[in-house]
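Lettering of chains follows the sequences in order, A, B, ..., and the numbering in each one begins at 1.
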2 protein chains.
Amino acid sequence: MSSRTDAPTRREQILGEAARLFAERGFHGVGVDEIGAAVGISGPGLYRHFAGKDAMLAELLVGISERLYTGGRRCLAESAGAGLGPEAALDALIDRHIDFALDDRALITLHDRELDRLRDSDRKLVRQLQRQYVELWVGVVREVHPALPEKEARASVHAVFGLLNSTPHLSRPSALPDRATTAALLHRLARGAFAAAADGARNADGAAGA
Amino acid sequence: MSSRTDAPTRREQILGEAARLFAERGFHGVGVDEIGAAVGISGPGLYRHFAGKDAMLAELLVGISERLYTGGRRCLAESAGAGLGPEAALDALIDRHIDFALDDRALITLHDRELDRLRDSDRKLVRQLQRQYVELWVGVVREVHPALPEKEARASVHAVFGLLNSTPHLSRPSALPDRATTAALLHRLARGAFAAAADGARNADGAAGA
DNA sequence: TTGCTCGGTTAGTGAGCGTTAACCTCGCCA
DNA sequence: TGGCGAGGTTAACGCTCACTAACCGAGCAA
């Protein structure tokens, strides 16, 4: 009984600020002194909590990949457990991902920006989790849209991730409508994209001209 | 009579390699020696062509922003000149952006990743060009889908950029279908996304519940 | 020939930064 | 009360890296 939005431990506090700073200025663009200052201690004090700057990034990236993947699995399990069909499952996956993109913008940004700064083993782990997460989506998308070939489904999933993850790239978030409207809009965009991909694949099936 | 895929000048060669390297490992992750080595000269020889590392990044980012914006304007002008409607104009914009995303993957990656490494004046310029480019799209999208409110149209355009720019993020491009198929797929995804955004906006107009 | 510019070279410098060392001070348990 | 570990501090080290200095050889014009 201690983890749920209790007072954040020092480690968590550091990770949060590090994520924000890394997302803002890039891993190499942020010094340890800055991270320390952001949590009120200075510089090398961080080494009481982490082995080094790399370790912070690794923990962030592995953490988010795991949360995305296990969260996605839980989504599908719950949806199946409730006897719902693939449409509802896809909706649930999309909504969960949108929550992530809107709530943890910094982490989303890091996720596809700083992956190659990791040690080989960590990078492999993150890549594997990402792949599994993608395959989760591909499976559901192809249940909803059986006409879509697997390769195109996978490319579509990647593209929709780009779509859903686009809001953190905005310079000033004030340009967005309120959260609920934005979430609904992103959801519609994603569903519409998948539907169009499948539609086009069906039409192009026999007639591959203009 | 000297620029069109003639032998690339040294400057262009350097810029090309720098773009590739920056995209791969980030601006701070690449040393000048590496860039030099990539074009066969070593290290400080670059300073005969550029004032510094920053200048290369600036030229790359300003260059791509300008090409996107002026390219988009030309698209619309040609489309209007041919007496075509907004649907065709939107298709042309999308296709042009897809060409960009597929041909200049490195530049697309840099474009939204390293913008804050620039001097203030350059960053302002790039931001302004980006804004103008977005507004180009917003105008056309709202002609095609008048039901879509401006704020949502703008957010949708940003999201679709994320979608179209997603392919460079792929670890290995071999996962994609061939270029023509990919381009067609991306086009369908983008159009489908816009259509769904507009559709939902129309439906949600009077009934804002579940 | 002379001499200048263009585009290289290698050596060196100075700053920034991740990391470590050495030390200090609470709070707590025996 | 005495010790000790957890979590800080400042100082310093060493490496990396952008950039500069000094030099050089080809091409070419006068």
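Within the structure, no pair that satisfies the side chain to side chain donor-acceptor pair (under 3.5 Å) test touches residues 37-58 of chain B, not counting sequence neighbours. Residues in residues 91-130 of chain A take part in these ring pair (Phe, Tyr, Trp, His ring centres under 6.0 Å) pairs, two or more places apart or across chains: A:H97-A:Y133, A:H97-A:W137, A:H97-A:F161. Applying the side chain to side chain donor-acceptor pair (under 3.5 Å) test to residues at least two apart or on different chains, the pairs with a partner in residues 86-96 of chain A are A:E87-A:R191, A:D91-A:H187, A:D91-A:R191, A:D95-A:H187. Identified under the side chain to side chain donor-acceptor pair (under 3.5 Å) test for residues 148-158 of chain A, with sequence neighbours left out: A:E135-A:R154, A:E150-A:R154, A:E152-B:R188.
Side-chain contact, B:S121 with B:R119: a donor N or O sits under 3.5 Å from an acceptor N or O.
The shortest distance between side-chain heavy atoms of B:L57 and B:F22 falls below 4.5 Å.
Heavy-atom distances under 4.0 Å link DNA chain D to no residue of residues 56-63 of chain B. A heavy-atom distance below 4.0 Å to DNA chain C is reached by none of the residues of residues 13-21 of chain A.
In this structure, A:D178 has no salt bridge (charged side-chain N to carboxylate O under 4.0 Å, His left out) partners at least two apart in sequence or on a different chain. Take A:R142 and apply the side chain to side chain donor-acceptor pair (under 3.5 Å) test, not counting sequence neighbours, and it matches no residue. For A:D103, the side chain to side chain donor-acceptor pair (under 3.5 Å) criterion is met by A:R179, not counting sequence neighbours. Shown here are the salt bridge (charged side-chain N to carboxylate O under 4.0 Å, His left out) partners of A:D104, two or more places apart in sequence or in another chain: A:R67.
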Nucleotides 15-29 of chain C: protein proximity per nucleotide (B base, S sugar-phosphate only, - neither; heavy atom, under 4.0 Å)
---SBB-BB------

Taking it one step at a time, do A:R131 and A:Q128 satisfy side-chain hydrogen bond (donor to acceptor under 3.5 Å, both in side chains)?
CA-CA 5 Å; A:R131 254 194 313 274; A:Q128 179 192 329; 5.7 Å; no

Hey, mind stepping through A:Q13 and A:R10 against side-chain hydrogen bond (donor to acceptor under 3.5 Å, both in side chains) and telling me if it holds?
CA-CA 5 Å; A:Q13 200 186 10; A:R10 202 86 230 227; 3.1 Å; yes

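Atom CG of B:L46 and atom C1' of C:dT9 are 13 Å apart (whole Å).
Bounding nucleotides for the chain A contact on DNA chain D, 5' to 3', at a heavy-atom distance below 4.0 Å, are D:dG7 to D:dA11.
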